[in-house]
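Here is the structure we will look at.
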Amino acid sequence: MAETICRTLRDGALSGEHAPALTIKDSLRAPLGFEAFGHFLCSLVHNISLGKSQAHGLVLVVLEQSPSFYLDMLKHRGYDTASLNNWIKILDAYSDPLGWKGQLRCVKKSALACPEVVTPFRNVGDTDNLFTTIIEVGKGIVGESKAGFSVAVDSISAVLRHATVPSMSALLSNLRSHEQVSSTFWLLHSDLHEVRATLAIEYMSSMIASLEPMTPGGDGQLGTADSISSLRQISLRGKFNVRLKRRNGRVKVNVEEFHMEQSGIKFLPVAHGNSTINQDLLPKLQFNLQLTERERVDRAKVVLPFEHQGNGKTIQIYDGRQSLPGGQTHLDLVKQTDHASKLAKEFDSGKGEIHYLRDSEDELPDSDEDPDDDLDI
Amino acid sequence: MNNAVVNLLEEALGASNGRIILVEDCVEANGAFILHHIVKHVFATCNGEPGIVLFVALAQPFSHYERILRKLGCNLIAHMEKKKFVFFDMLKLDCPGVDGGTQKGGLVHLYQKIERAIQTVSPESKGIVTVVIDDISLLDVACHGSTAHVLDFLHYCQTLTSELDCSVVMLNHGDVYSSMADSRFNLHLEHLADILIKAEPLSTGVAADVHGQLTVINKGNTERGLAENKIRSFHFRVKENSVEYFFPGTLT
């Protein structure tokens with residue numbers, strides 16, 4: 001599913017539609033939001049650099065990590081400063097988000113590292129100005145052409161501390177509906193906000209990727225006695241819940257697992273993770289609790305009684321109580337089942353089958369006899 | 001034994017330059033002794049050379065820290081004369097006003113003082129300055145309960161870690177913000193911190209020779225490719241001239 005998200009961000013917006021928007025949610029109990037954000041960022045940058053994506057550039061708005069953090073991350077992946085400058089610009093709302101530094105110190109480390117890539121922004125509370133600046137910086141990448149660019153925000157939580165929920169929603173909505181914005185994604189620390197703020201942002205998103213701990217519960221704070229033991233588990237792995245909203249209104253939910261490795265965050269299907277857990281948790285027994293792969297395949301082939309045989313005939317579900325149409329007796333039914341089984345054997349000799357024969361002695365239906373008439377009441 | 005046990009806290013902290021350390025204590029288990037320990041440790045060594053401490057004091061006067069650190073074998077006055085220790089007496093810090101303008105004025109001024117001091121004491125070297133704030137709850141009181149402005153101030157302190165490789169150590173009384181409405185402030189601080197040290201009373205009850213337990217959660221450093229949480233938990237005993245740290249059941 002993480003792959004689907006990467007592809008959606010790469011493919012960008014359809015003509016006449018809003019740009020796809022991804023919300024990455026994390027919390028203290030699953031605190032790897034930055035790793036997930038970095039994963040999607042690097043994937044998009046890779047696609048942009050190869051010219052595979054709809055977007056021709058990326059505007060990265062940083063509020064919680066320094067620009068040098070992201071520049072180092074991208075350099076670590078083999079992009080040099082000269083090539084970065086062609087298709088990425090960083091709007092730096094981290095170093096001086098409120099203009100406190102003013103003239104105190106003119107030379108910043110980030111500016112020294114890569115001055116042409118970084119644009120300072122000093123008034124985070126003004127979301128209108130933030131929107132205008134993002135678009136200006138984006139247009140600076142793509143030039144005079146009408147080509148699109150992507151926008152990534154690290155993180156919305158920092159903006160929400162200075163702006164109201166409606167103004168934040170307006171900013172995200174304006175970004176998504178702008179003709180040159182190809183795709184957007186942002187990080188949100190869900191435990192820092194009221195539920196309504198989180199929901200408002202989720203409504204603005206077409207994809208919601210939520211990082212959750214393996215074991216639910218706890219009060220959200222770190223270090224409490226009940227959460228310490230689970231912290232050891234959640235630090236490296238957790239659940240990656242993805243909700244994709246289609247244009248037709250359909251919502252697709254998918255769950256994966258994420259693992260933190262030395263090389264970065266990895267996403268795996270749940271089945272893979274669960275099987276390893278099950279194997280670990282099962283006690284060592286002398287008898288077999290689980291099916292082998294061959295047994296599992298054979299079980300899947302078994303045709304259950306009265307299951308639709310797929311031989312083109314009318315489906316007849318006999319529950320043992322109703323009378324059969326056309327005066328059929330249960331013997332006719334047995335014959336029919338035999339016929340069906342022969343047909344099934346012709347198609348696939350490997351299929352198993354269950355023959356169900358009603359025991360007339362025990363299950364005599366619709367008898368006029370009162371079963372309790374021997375009782376002396 | 002003393003050397004071995006003291007290292008438990010230092011081992012748990014690891015290389016702390018360029019990191020934010022949050023000490024969260026409660027009424028039953030005061031965590032101020034951790035600040036003293038860290039101050040002493042910074043003076044001892046920091047990247048191979050003696051470090052510099054900028055101490056923002058809202059809780060106690062200089063004489064208090066001077067007396068305690070002297071008992072721990074550290075002369076603050078001597079360090080101050082060598083410009084290795086800068087003390088900001090903020091006992092009377094007051095940022096009145098409700099509209100935010102003047103409130104921020106006080107914290108903006110404080111931040112600018114800290115930044116100017118860093119440039120003065122360490123114009124060239126990076127990674128040797130540690131800013132200690134004692135404590136965040138009183139900063140909140142000085143701002144008349146405006147936690148948003150306290151968080152703004154702390155964000156600016158965070159920029160010092162990434163730009164100048166400074167360390168920031170702050171003490172917070174977690175139980176003050178334990179109610180549902182205020183707990184988000186705690187969560188904000190915990191999100192901000194790279195290392196969280198929780199001082200709590202013993203979960204098994206009061207004991208004469210064990211004064212509480214410390215939980216150190218080292219979130220690792222994503223910038224250095226170490227995103228693994230390291231969690232250590234051990235007991236402590238505060239003595240007159242030192243603090244003993246030991247694993248449960250190992251006290252002799």
Side-chain angles (χ1 to χ4, degrees), chain A residues 26-28 31-35 38 63-69 72-73 76 94-102 104-105 107-112 124-125 155 157-158 161-162 189 191-194 219-225 227-229 231-236 260-265, chain B residues 22 24 100 104 107-109 111-112 115-116 118-119 126 147-149 151-153 155-156 158-159 161-165 174 177-178 180 183-193 196-200 203 213-220 222-233:
Chain A
D26 78 345
S27 65
L28 274 176
L32 296 177
F34 276 112
E35 276 70 22
L63 293 113
E64 284 197 12
Q65 296 282 4
S66 66
S68 56
F69 169 82
D72 290 346
M73 183 168 77
H76 185 67
Y94 166 85
S95 302
D96 192 8
L98 301 169
W100 286 16
K101 291 183 181 174
L104 192 67
R105 190 157 42 90
V107 183
K108 309 280 189 305
K109 185 186 172 187
S110 58
L112 284 173
V124 177
S155 70
S157 296
R161 275 207 305 113
H162 302 98
H189 305 305
D191 50 351
L192 294 184
H193 310 288
E194 290 176 22
D219 60 355
Q221 273 186 258
L222 294 178
T224 48
S227 66
I228 285 171
S229 58
L231 266 173
R232 292 174 203 273
Q233 306 291 326
I234 66 166
S235 57
L236 291 176
M260 194 61 211
E261 295 174 4
Q262 197 65 33
S263 56
I265 195 164
Chain B
L22 171 66
E24 205 170 278
K104 280 198 288 186
L107 293 185
V108 174
H109 185 61
Y111 171 74
Q112 289 178 342
E115 191 169 313
R116 237 178 261 127
I118 293 171
Q119 286 176 327
K126 281 185 175 177
T147 52
H149 295 139
L151 290 171
D152 289 340
F153 171 75
H155 173 82
Y156 272 89
Q158 186 192 10
T159 63
T161 65
S162 55
E163 290 175 9
L164 301 171
D165 225 7
Y177 306 100
S178 56
M180 280 306 286
S183 65
R184 279 206 189 91
F185 183 62
N186 276 351
L187 292 172
H188 268 288
L189 294 179
E190 290 179 13
H191 265 289
L192 194 69
L196 171 66
I197 306 174
K198 278 215 169 199
E200 293 165 305
S203 52
Q213 59 189 25
L214 290 184
T215 307
V216 183
I217 301 169
N218 194 332
K219 289 187 193 171
T222 48
E223 216 162 333
R224 295 169 196 171
L226 306 167
E228 185 182 348
N229 273 353
K230 282 183 183 165
I231 302 159
R232 312 251 179 128
S233 191

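Each chain gets a letter, A, B and so on, in the order the sequences are listed, and its residues count up from 1.
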Please answer whether the main-chain N or O of W100(A) pairs with a side-chain N or O of Y111(B) as donor and acceptor at a distance below 3.5 Å.
no
Heavy-atom donor-acceptor pair, H155(B) side chain to Y94(A) backbone, under 3.5 Å
yes
What distance separates E190(B) CD from L192(A) CG, expressed to the nearest 0.5 Å?
10.0 Å
Which heavy atom of E64(A) sits nearest to which heavy atom of Q158(B), and what is that distance?
O-NE2, 3.7 Å
Please determine whether side chain to side chain contact (heavy atoms under 4.5 Å, CB included) holds for the pair S95(A) and E163(B), giving the CA-CA distance in whole Å, both sets of side-chain angles, and the decisive distance to 0.1 Å.
CA-CA 8 Å; S95(A) 302; E163(B) 290 175 9; 3.3 Å; yes
With sequence neighbours excluded, residues passing side chain to side chain contact (heavy atoms under 4.5 Å, CB included) with H162(A):
L98(A), V124(A), D152(B)
Taking all non-hydrogen atoms of both residues, which atom of R184(B) and which atom of D191(A) are closest, and how far apart?
NE-O, 4.0 Å
Between H191(B) and S27(A) the two heavy atoms that sit nearest each other are CE1-C, 4.2 Å
Using a 4.5 Å cut-off on heavy atoms from C-beta on, say whether the side chain of H193(A) contacts that of L187(B).
no
Shortest non-hydrogen contact from R161(A) to H188(B)?
CD-CE1, 3.4 Å
Where on L63(A) is there a heavy atom nearer than 4.5 Å to chain B: the side chain, the backbone, both, or neither?
backbone
Region of L151(B) that comes under 4.5 Å of a non-hydrogen atom in chain A:
both
